[in-house]
Amino acid sequence: MTDFLPFTRPTIDEETIAAVVAVLRSGWITSGPRVAEFERALADYVGGGRQVRVMTSATGGLEMALKAFGVGAGDEVIVPAMSFAASANVVERLGARAVFVDVELRSRNITAASVEAAITPRTRAVMPVHYSGLAVDMDGILELATRHRLRVLEDAAHAIGTRYRGRLIGSFGDVASFSFHANKNMTTIEGGALTFADPALALPLDRERFHGITKDAAGNVDVYSAGGKYNLTDVAAAVGIGQLRRLEQFNARRRELAAHYYARLAPRVPSDMLPQDGEGHSWHMYAVLVPFAGLGTTRDAFIAAMRERGIGLGIHYPSIPRLTYYRGRGWDPTAFPNADRIGAETVTLPLFPAMSLADVDRVCDALLDLTKL
Ligand SMILES: *Cc1c(COP(=O)(O)O)cnc(C)c1O
């Protein structure tokens with residue numbers, strides 16, 4: 001009996017575990033020196049002279065950034081129809097409207113052309129999502145945003161270590177929000193980071209992150225806004241420092257595993273089924289499209305059959321306009337045919353740094369056998 005192969009699993013080394021224990025023994029366990037060290041390490045890694053703020057989640061980071069932009073009631077933010085629901089939820093939570101655009105079928109990413117068609121006088125920002133770690137074509141989006149005076153908030157939850165034309169995501173552009181959720185390319189268990197260059201964002205973000213508080217030179221506390229509570233702990237930051245040290249190695253291994261998936265699957269399945277590769281891809285996920293209806297089966301049955309063989313699959317993601325809340329907001333999911341097809345046909349195959357090439361073979365053998373492709 002072989003071990004169960006989950007679709008993802010974090011790799012935490014002994015040095016990181018020891019660093020966590022040291023923080024727990026230090027007498028200071030919430031935000032402190034390790035958070036400051038983690039922010040410096042992230043700024044050094046990403047480059048581009050960016051400011052970095054870490055927080056309890058990428059979702060919190062996206063919401064804080066939109067708030068710092070002044071997005072609120074009556075505003076619109078353009079969001080891909082294919083992403084995790086958080087990308088749109090953060091917009092709606094501020095009383096603004098998430099306006100969906102369809103994605104390309106193989107990259108699962110938005111394009112400048114699709115965004116431009118959705119711009120109205122109420123549009124305040126656009127949120128590119130670098131799906132699975134493949135960079136959106138940012139040159140077009142940034143040019144469009146400058147022309148229309150829009151903010152650009154990258155949902156970079158999948159994209160720590162992703163490069164676009166040789167530059168790391170988060171080292172250029174307006175604001176990027178990374179996730180360090182346990183399933184992402186690096187983790188702080190739960191956590192996230194914003195990178196940005198605009199100095200005008202630092203104060204509103206710092207206040208929003210911690211109760212609206214600013215201290216004067218003598219250390220007296222005053223509250224300038226009804227801020228939130230999104231600060232990361234030193235325990236979590238110690239995990240993040242250990243993860244960041246190995247990120248390039250993790251992502252190199254992810255690329256090797258993805259290359260092996262291509263080598264096994266490309267000769268056998270229609271090219272539409274496989275995700276788009278690209279320069280600088282960080283391979284957060286390897287998600288394929290399976291035409292379940294055409295094969296006379298369902299995704300539920302396929303996932304159950306793979307599980308029988310000891311292989312766990314994920315679904316990333318349902319089309320957002322198809323979710324009950326967004327249908328209730330008046331969206332017709334059939335208006336986003338690529339996102340709708342991806343939502344119906346996508347399955348995420350196992351991909352994480354501790355996997356072997358033999359694990360990839362096992363997944364491919366099971367997939368090809370069950371689908372008869
Ligand atoms: C994981 C994820 C998020 C949310 O990240 P958290 O850190 O869990 O808040 C947002 N967007 C996308 C695309 C994600 O995959």
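Atoms within a ligand are numbered from 1 in the order they appear, just like the ligands themselves.
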Q) Which of the atoms in ligand 1, numbered in the order shown and given with their element, are less than 4.0 Å from a heavy-atom of Gly191? A) 7 (O)
Q) Taking only heavy atoms of Ala157, which atoms of ligand 1 are found under 4.0 Å from at least one of them? A) 2 (C), 3 (C), 10 (C), 11 (N), 12 (C), 14 (C), 15 (O)
Q. So which protein heavy atom does atom 9 (O) of ligand 1 come closest to, and at what separation?
A. Thr59 OG1, 2.5 Å
Q. Can you tell me the protein heavy atom closest to atom 7 (O) of ligand 1 and the distance?
A. Ser179 OG, 2.7 Å
Q: Examine the proximity of ligand 1 to Lys184 and report which part, side chain or backbone, both or neither, has a heavy atom under 4.0 Å away.
A: side chain
Q: Would you check if Leu205 and Phe196 make a side-chain contact, meaning some heavy-atom pair closer than 4.5 Å?
A: yes
Q) Is it the side chain, the backbone, both or neither of Ser83 that has a heavy atom closer than 4.0 Å to ligand 1? A) side chain
Q) If you measure from each non-hydrogen atom of Phe178 to ligand 1, which part falls under 4.0 Å: side chain, backbone, both or neither? A) neither
Q: Determine, for Arg309 against Asp365, whether the closest basic-nitrogen to carboxylate-oxygen distance falls under 4.0 angstrom.
A: no
Q. Hey, are Asp75 and Arg124 close enough for a salt bridge, meaning a charged N less than 4.0 Å from a carboxylate O?
A. yes
Q | Aromatic centroids of Phe7 and Phe352 separated by under 6.0 Å | A | no
Q | Among His284, His281, His130, His181, ring pair (Phe, Tyr, Trp, His ring centres under 6.0 Å) partner for His158 | A | His284
Q) If you measure from each heavy atom of Tyr131 to ligand 1, is any distance below 4.0 Å? A) no
Q | Close side-chain approach of Phe180 to Glu190, heavy-atom, < 4.5 Å | A | no
**Q.** Side chain, backbone, both or neither: the part of Asp155 lying under 4.0 Å from ligand 1 by heavy atom
**A.** side chain
Q: Report yes if His158 has an N/O atom closer than 3.5 Å to an N/O atom of ligand 1; otherwise report no.
A: yes
Q) Given the rule in the salt bridge (charged side-chain N to carboxylate O under 4.0 Å, His left out) test, do Asp277 and Arg106 qualify, once you have shown the distances and angles that lead to the verdict? A) CA-CA 9 Å; Asp277 198 355; Arg106 287 204 55 211; over 6 Å; no
(Q) Quick test: of every protein heavy atom, which one is nearest to atom 8 (O) of ligand 1, and how far off is it to 0.1 Å? (A) His181 CB, 3.8 Å
Q. What do you reckon, is CG of Leu105 surrounded by more than 12 foreign heavy atoms closer than 6.0 Å?
A. yes
